[in-house]
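Notes follow once the structure below has been shown.
Numbering of ligands and ligand atoms starts at 1, following listing order.
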Amino acid sequence: MSIIEFKDVSHQDILHHVSGTFREGRITTFVGPSGAGKTTCLKHINGLLSPDTGTILFKGEDIAEMDILELRKKIGMAFQSAPMIQGTVYDNLNLPKAIFDETLDRDRAVELLHRVDLSEALLDQPVKSLSGGERSRVAIARTLVNKPDVLLLDEITASLDYRTVKEIERLIRKLQQSYGVTVIWITHDLDQARRVSDDMWFLKAGELLAFGDASFIDESDNPVIQRFVRGED
Ligand SMILES: Nc1ncnc2c1ncn2[C@@H]1O[C@H](COP(=O)(O)OP(=O)(O)OP(=O)(O)O)[C@@H](O)[C@H]1O
């Protein structure tokens, strides 16, 4: 079943009549050349950007009609450059609650750290003392604070070393399998996309050329996709 659907979405000169679905409980990876519109699509899903024309449905409801803060409770987002505020790990995990004038229980904060395989000893550490991999995990834990149905992740493993990249990949899979969360993410690494995707969306120059089961990336007879796979684009 689809959890999010784009219906004929256009945005400035960046996205052109994009129509496609994201299946519930799956990991979908955006692939395609630089500047294809991947990040722009992602930002449309949690209302950071709005379509000029067309509609985006979340569980059948037009997100333009939804309360934006409620939408962002249901759709958590972490960027590569996940902005961390100065302060402790707890301060950062508390941010999504603070937006609603609420406070995150410390017990819940510890539980979130465990979910991303971090020790509770980190809770009162300043974030600036963390390694890149630990920061990525805190960024992911922060997206889980409001128990979202969907996680949006943009390039969260860029600039991490190979071993840490693999650990974060395992974590993404674990979150999907253990909690049934739908993951929609972007990576520039096609091998990584193959390793971690159930589904893919292939974008080129703002057009969605293919979407669905990830196997299409290696089986497509579309010359544009074939060139991308050969590393020629
Ligand atoms: N705020 C903006 N105003 C105008 N153009 C923008 C804006 N943001 C992005 N663009 C342009 O839109 C196009 C798509 O950008 P986007 O970042 O969505 O692509 P992408 O596929 O994520 O690229 P990359 O893989 O390089 O991150 C690019 O040509 C970019 O220069």
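Looking from atom 20 (P) of ligand 1 to the surrounding protein, the closest heavy atom is Lys38 N, 3.5 Å. Nearest protein heavy-atom contact of atom 19 (O) of ligand 1 is Gly37 N, 3.1 Å. For atom 26 (O) of ligand 1, the closest heavy atom belonging to the protein is Ser34 OG, 2.5 Å. Counting protein heavy atoms only, atom 23 (O) of ligand 1 is closest to Gly35 N, 2.8 Å. For atom 18 (O) of ligand 1, the nearest protein heavy atom (residue, atom name, distance) is Thr40 OG1, 2.5 Å.
Remark: Lys43 does not engage Asp154 in a salt bridge, criterion side-chain N to carboxylate O under 4.0 Å. Salt bridge Arg26/Asp199: present, at least one basic N to carboxylate O contact under 4.0 Å. Under a 4.0 Å N-O distance rule, the pair Lys59/Asp149 qualifies as a salt bridge. Between Arg137 and Glu134 there is no salt bridge, since no side-chain nitrogen of the basic residue lies less than 4.0 Å from a carboxylate oxygen of the acidic one.
For the ligand labelled ligand 1, residue Lys43 lies outside the 4.0 Å heavy-atom shell. Heavy atoms of Gly32 come nearer than 4.0 angstrom to ligand 1 in no pair at all.
Cation-pi geometry between Lys73 and Phe100 is satisfied (NZ or CZ under 6.0 Å from the ring centre, within 45° of the ring normal). Judged by the 6.0 Å and 45° rule, Arg23 forms no cation-pi pair with Phe211.
Atom 2 (C) of ligand 1 is not flagged as protein-proximal [any protein heavy atom, distance under 4.0 Å]. For atom 30 (C) of ligand 1, the nearest protein heavy atom is 4.0 Å or more away. Under the 4.0 Å distance rule, the nearest protein heavy atom to atom 16 (P) of ligand 1 falls inside the cut-off.
The distance from ligand 1 to the heavy atoms of Ala36 drops below 4.0 Å at these ligand atoms: 19 (O), 20 (P), 21 (O).
Taking distance alone, with nitrogen or oxygen atoms compared against 3.5 Å, Gln12 stays at or beyond that limit from ligand 1.
The closest heavy-atom contact to atom 8 (N) of ligand 1, among the options Asp154, Ile186, Asp13, Ile14, comes from Ile14.
Considering CD1 of Ile168 and CZ of Arg163, their distance stands at 11.0 Å, rounded to 0.5 Å.
At a heavy-atom distance under 4.0 Å, only side-chain atoms of His188, from C-beta outward, approach ligand 1.
Considering only heavy atoms from C-beta on, Leu104 comes within 4.5 Å of Tyr90 through its side chain.
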Does the pair Glu5 and Lys7 meet the rule for a side-chain contact (heavy atoms from CB on, under 4.5 Å), with working shown? CA-CA 6 Å; Glu5 180 172 6; Lys7 293 174 96 168; 3.8 Å; yes
